[in-house]
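Each remark here refers to the structure printed beneath this line.
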Protein chains: 6
Amino acid sequence: MDRNNKNADRWLVSLITDTPREGFELAIQLSQMGVKYTQPSEAIRKRLRPRYAYNADSLIAASQVIAINYQTVAAANDYWL
Amino acid sequence: MDRNNKNADRWLVSLITDTPREGFELAIQLSQMGVKYTQPSEAIRKRLRPRYAYNADSLIAASQVIAINYQTVAAANDYWL
Amino acid sequence: MDRNNKNADRWLVSLITDTPREGFELAIQLSQMGVKYTQPSEAIRKRLRPRYAYNADSLIAASQVIAINYQTVAAANDYWL
Amino acid sequence: MDRNNKNADRWLVSLITDTPREGFELAIQLSQMGVKYTQPSEAIRKRLRPRYAYNADSLIAASQVIAINYQTVAAANDYWL
Amino acid sequence: MDRNNKNADRWLVSLITDTPREGFELAIQLSQMGVKYTQPSEAIRKRLRPRYAYNADSLIAASQVIAINYQTVAAANDYWL
Amino acid sequence: MDRNNKNADRWLVSLITDTPREGFELAIQLSQMGVKYTQPSEAIRKRLRPRYAYNADSLIAASQVIAINYQTVAAANDYWL
């Protein structure tokens, strides 16, 4: 677990969100946590940031992880119907 | 959040669309927002555009993200039956 | 939207098809539209064609996008049962 | 459509198979058809074969497309329960 | 079909397993069979093994195929509830 | 099976977890087990670690495998509703 993330203990209490947009933001958070669990050092993750935030293919790949997590969040919320 | 996107506050109010085609356009928007959240600077995203819009593999990868998001939108709309 | 595609206005009226095979062809069309929305210029897409049609990994990637879209179309048609 | 494939007109009449194994073989066929629709020339596909059949990453990618299509076929058959 | 695999005729009789762990092992087997169908020669597959078993990105890709197949197996077993 | 993993015999007894967060940790474990089954040597896996833990694209790919496994775990737990 990322020891630098002070919210770590409180994160992911529920997959339920009020709106589709908050659900999308949860999907982003899930995608980031997948990275954080694999590379817990915030310092290293910050150093790697230019490697993906300025690379078109990395941005598309990041968007894909978000899309997969959004499928989960949207299903959990019965698509906010 | 992309501060340059003036529609940011109003986006993704619902996953429901009138037609399969509007749903596809929402899937494209979701795919773009995944990129925007990761790289909020519109200037940088514009600079990266030639890196994927003129690269066959990047275009296929972009189409894949859209396909994943379209699964979510289509399920939300019960496939417009 | 691809202004060169004269069928653009009529495409994707429904996800329902008569047969599994027509559904597969719709999945191919969805995959191509994902590319077209990202690179609207038909001239550029034609120029990029050799980059994927003669590349084994690109063909596998294209087949993967079709497979993802086919999941959507097949579910919409209740697997043509 | 692949004009060299004499079975083309009869393929994909149904997603239903007798056994999980025949379903897996249908998933392989679907994956190959995704490639065939993108590169219809059998001669070119044969020439590309060494590029993926002798490349570990391409084989993993091919196995992934089969896995995605197998999800569709398995769902269509209600997992052969 | 892999002629070297003496169990080939008996494999994949059912997607049902007794436990989540046996289901995971079936998902691994499905992933390997996707490779075997594409490259039937056991000799060539063995030669390629160092190309993925000692490559971090290939191992992640292999784990992804297993994850996709595990979705299918888990759904078939109603998640072993 | 990883002979170095002393918990191997007891892992994956169930997909059910108490909370969404424990489910996420199970998804991480599933992703790691996919790697371990493919490369059972802990020594080699440790040597490969710098190849992905310090590589932005590998971290995104790892996060994607976690996301796919999390879909399975979340569905098994009916999204912890």
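In what follows, chains are A, B, ... by sequence order, proteins preceding strands, each numbered from 1.
Minimum heavy-atom separation, D:Ala53 to E:Gln39: O-NE2, 2.7 Å. Closest approach of E:Ser31 and D:Ser63 over heavy atoms only: O-OG, 2.7 Å. Across every non-hydrogen atom of E:Ser58 and D:Ile60, the tightest pair is O-CD1, 3.8 Å. Across every non-hydrogen atom of D:Arg49 and E:Pro40, the tightest pair is NH2-CD, 4.2 Å.
Residue contact with chain D, scored on non-hydrogen atoms closer than 4.5 Å, involves the side chain of E:Ile44 exclusively. Both the backbone and the side chain of E:Thr38 come within less than 4.5 Å of a heavy atom in chain D. For a residue to count as touching a neighbouring chain, one of its non-hydrogen atoms must lie under 4.5 Å from one of that chain's; by this rule E:Ile66 does not touch chain D.
E:Tyr37 and D:Phe24 have tilted rings, their planes meeting at an angle from 30° to 60° on a 0 to 90° scale.
When the shell of 6.0 Å around OH of E:Tyr54 is examined, it contains 12 or fewer heavy atoms from other residues, nucleotides or ligands.
Per-residue heavy-atom pair counts under 4.5 Å with chain E were compared for D:Leu59, D:Asn55, D:Thr19, and the maximum is reached by D:Leu59.
Here CG of E:Asn69 is found 9.5 Å from CD of D:Gln64. Values are rounded to the nearest 0.5 Å.
In this structure, the side chains of D:Tyr79 and E:Thr72 come closer than 4.5 Å at one or more pairs of heavy atoms.
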